[in-house]
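Heads up: numbering here begins at 1 and tracks the sequence. All ligand and atom numbering here is 1-based and tracks the order in the structure. Source: prediction; values computed, not measured.
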Amino acid sequence: MYGAIEAGGTKFVCAIGNEDLKIIEQESFPTTDPEETMHLVEKFFKKHQNNIESIGVGSFGPIDVDKSSETYGYITSTPKKAWAYFDFVGSLKKRIDRPIAWTTDVNAAAYGEFINSYRQENLNVVYYTIGTGVGGGAIQNGEFIQGFSHPEMGHMKVVSHPEDSFKGNCPFHDNCLEGMAAGPAIEQRNGKKGQEIPVEDPFWDIEAYYIAQSAYNTTLMLSPDVIIFGGGVMKQEHLIEKVRKEFLNLINDYVKTPDIKEYIVTPKLGQNAGTVGCLALAKKLVTKK
Ligand code: ADP
Ligand code: ZN
């Protein structure tokens with residue numbers, strides 16, 4: 001068996017899965033302070049301790065993924081004060097002594113989708129989550145793309161929609177994708193949450209315009225085989241088609257991308273992408289598969 005921890009800014013999801021990455025047991029609890037939250041993690045895994053080979057963690061961030069760094073395994077400069085510079089991997093290891101795979105929440109979700117749907121053909125995958133924040137991860141030849149750190153695609157600059165006067169709400173940047181298009185930006189602009197905005201509201205064209213810009217930039221920079229958009233905001237099922245349309249407008253036939261319905265997609269695993277990805281990363285760590 002393998003363990004999975006999806007460490008989100010609002011909730012943690014812990015799970016146990018088997019060799020086939022089938023989820024056997026899953027438990028979710030709110031993210032409070034590190035001590036209390038890690039105690040619940042420990043309690044969950046202690047029940048299964050003897051059966052678990054390794055644990056995969058996909059964490060909110062930014063996080064330190066540089067194995068040569070002194071703060072490898074830490075959550076770093078997060079605005080969530082209690083978690084800033086928290087030694088996640090160190091704390092977990094003290095509680096449950098197993099090999100730990102460590103990556104970002106969005107990388108884990110990307111990996112879940114890759115393993116589930118794209119590994120056979122070894123396709124190169126980019127995954128965005130549009131939720132409380134916006135994150136992005138990329139997989140090439142089965143490995144995450146990273147250099148000095150993991151990507152932060154959610155903070156790319158976007159061009160304002162001509163009918164949108166919102167300036168964005170990212171504390172670091174004007175007009176970044178997260179500040180313009182994440183759930184809280186939708187809520188601030190419209191005075192209500194995304195789930196309360198009707199399908200026919202013209203705002204969704206504006207939202208799609210920003211998301212499409214990330215697909216445009218991604219296409220020109222990485223030419224992946226597939227771009228996946230997940231996260232709470234994408235529960236608006238009509239949105240993906242609007243994103244495809246805006247994307248085709250922006251790209252203006254400059255590059256010929258794969259069939260648009262196969263190129264810009266939502267996650268086939270839905271809300272389980274992250275958990276399956278964490279299980280797969282745990283398995284990869286100890287079996288090299
Ligand atoms: P998190 O990013 O915290 O892990 P989610 O991916 O579920 O969690 O994203 C939460 C955000 O998604 C919230 O801002 C919420 O308003 C928004 N959201 C959730 N469901 C919907 C929906 N059906 N339509 C539009 N927005 C939604
Ligand atoms: Zn930003």
Side-chain angles (χ1 to χ4, degrees), residues 4-15 26 28-32 37 57-63 75 77-80 83 103-110 112-113 127-137 149-160 166-208 210-211 213-214 217 228-243 266-267 269-275 277-278:
I5 304 173
E6 256 189 286
T10 38
K11 69 174 197 292
F12 268 49
V13 181
C14 294
Q26 199 167 19
S28 156
F29 38 84
T31 309
T32 56
T37 311
V57 185
S59 175
F60 71 97
I63 66 174
I75 292 176
S77 55
T78 172
K80 285 179 83 73
W83 291 85
T103 193
T104 61
D105 45 5
V106 63
N107 268 354
E113 283 294 300
Y127 187 106
Y128 284 93
T129 178
I130 321 282
T132 306
V134 178
S149 185
H150 54 79
E152 282 284 0
M153 304 180 196
H155 293 262
M156 71 175 71
K157 287 277 186 180
V158 289
V159 176
S160 283
F166 189 63
K167 294 282 172 245
N169 64 0
C170 172
F172 295 92
H173 321 105
D174 292 330
N175 282 71
C176 78
L177 179 62
E178 176 170 302
M180 297 300 279
I186 296 176
E187 186 174 351
Q188 208 175 316
R189 204 193 259 108
N190 294 282
K192 54 188 163 193
K193 289 185 189 302
Q195 50 268 54
E196 289 149 13
I197 301 173
V199 175
E200 57 284 356
D201 194 304
F203 168 72
W204 292 118
D205 292 324
I206 293 176
E207 179 71 11
Y210 295 124
I211 299 173
Q213 289 184 51
S214 70
N217 290 333
I228 306 164
F229 289 103
V233 174
M234 296 309 296
K235 286 187 197 158
Q236 295 288 323
E237 287 179 11
H238 56 96
L239 195 52
I240 195 76
E241 194 51 42
K242 293 190 171 79
V243 172
T266 50
L269 288 169
Q271 302 298 312
N272 281 335
T275 298
C278 290

Next item on the list: Any atoms of ligand 1 less than 4.0 Å from a non-hydrogen atom of G183? List them with their elements.
Entry: 14 (O)
Next item on the list: Examine distances only and state if a side-chain atom of Q213 and a backbone atom of V159 form a donor-acceptor pair shorter than 3.5 Å.
Entry: yes
Next item on the list: Please say whether Q195 places an N or O atom under 3.5 Å from an N or O atom belonging to ligand 1.
Entry: yes
Checklist line | Where ligand 1 meets G231 - atom numbers and elements under 4.0 angstrom, heavy-atom basis | finding: 6 (O)
Notebook entry, point to check: Hey, which N, O or S atom on H155 ends up closest to the Zn ion (ligand 2)?
Noted result: ND1
Margin query: So if I count the atoms of ligand 1 from 1 in the order they appear, which ones are less than 4.0 Å from some heavy atom of G194?
Written below: 24 (N), 25 (C), 26 (N)
Note to self: Treating E6 as the side-chain partner and G58 as the backbone partner, does any N or O pair qualify as donor plus acceptor under 3.5 Å?
What the structure shows: no
Note to self: So, of the N/O/S atoms that H173 has, which is the nearest one to the Zn ion (ligand 2)?
What the structure shows: ND1
Next item on the list: Pick whichever of T132, I186, T129 has a heavy atom sitting closest to atom 2 (O) of ligand 1.
Entry: T132
Notebook entry, point to check: To the nearest 0.1 Å, how far is atom 20 (N) of ligand 1 from its closest protein heavy atom, and which atom is that?
Noted result: G232 O, 3.4 Å
Margin query: Within the 4.0 Å heavy-atom shell around Q236, which atoms of ligand 1 are there?
Written below: 22 (C), 23 (N), 24 (N), 25 (C)
Note to self: Would the distance check show the side chain of E178 and the main-chain N or O of G135 forming a donor-acceptor pair, the cut-off being under 3.5 Å?
What the structure shows: no
Notebook entry, point to check: Just by modelled atom types, is the I63 backbone N or O under 3.5 Å from a matching donor or acceptor in the H150 side chain?
Noted result: yes
Next item on the list: Report the relative orientation of the aromatic rings in Y128 and F229; use parallel for angles under 30°, tilted for 30 to 60°, perpendicular for over 60°.
Entry: parallel
Next item on the list: Please write down residue, atom name and distance for the protein heavy atom closest to atom 23 (N) of ligand 1.
Entry: K235 CB, 3.5 Å
Next item on the list: Return yes when atom CG of D201 has more than 12 non-hydrogen atoms of other residues, nucleotides or ligands closer than 6.0 Å, and no otherwise.
Entry: yes
Margin query: Is the ring pair F60/W83 parallel, tilted or perpendicular, if the boundaries are 30 and 60 degrees?
Written below: perpendicular
Check: What protein heavy atom sits nearest atom 9 (O) of ligand 1, and how far off is it?
Finding: G131 CA, 3.2 Å
Notebook entry, point to check: Is the side chain of T78 donor-acceptor paired with the backbone N or O of K80 at a distance under 3.5 Å, no angle test?
Noted result: yes
Check: Quick one: which ligand 1 atoms are inside 4.0 Å of a heavy atom on T10?
Finding: 3 (O)
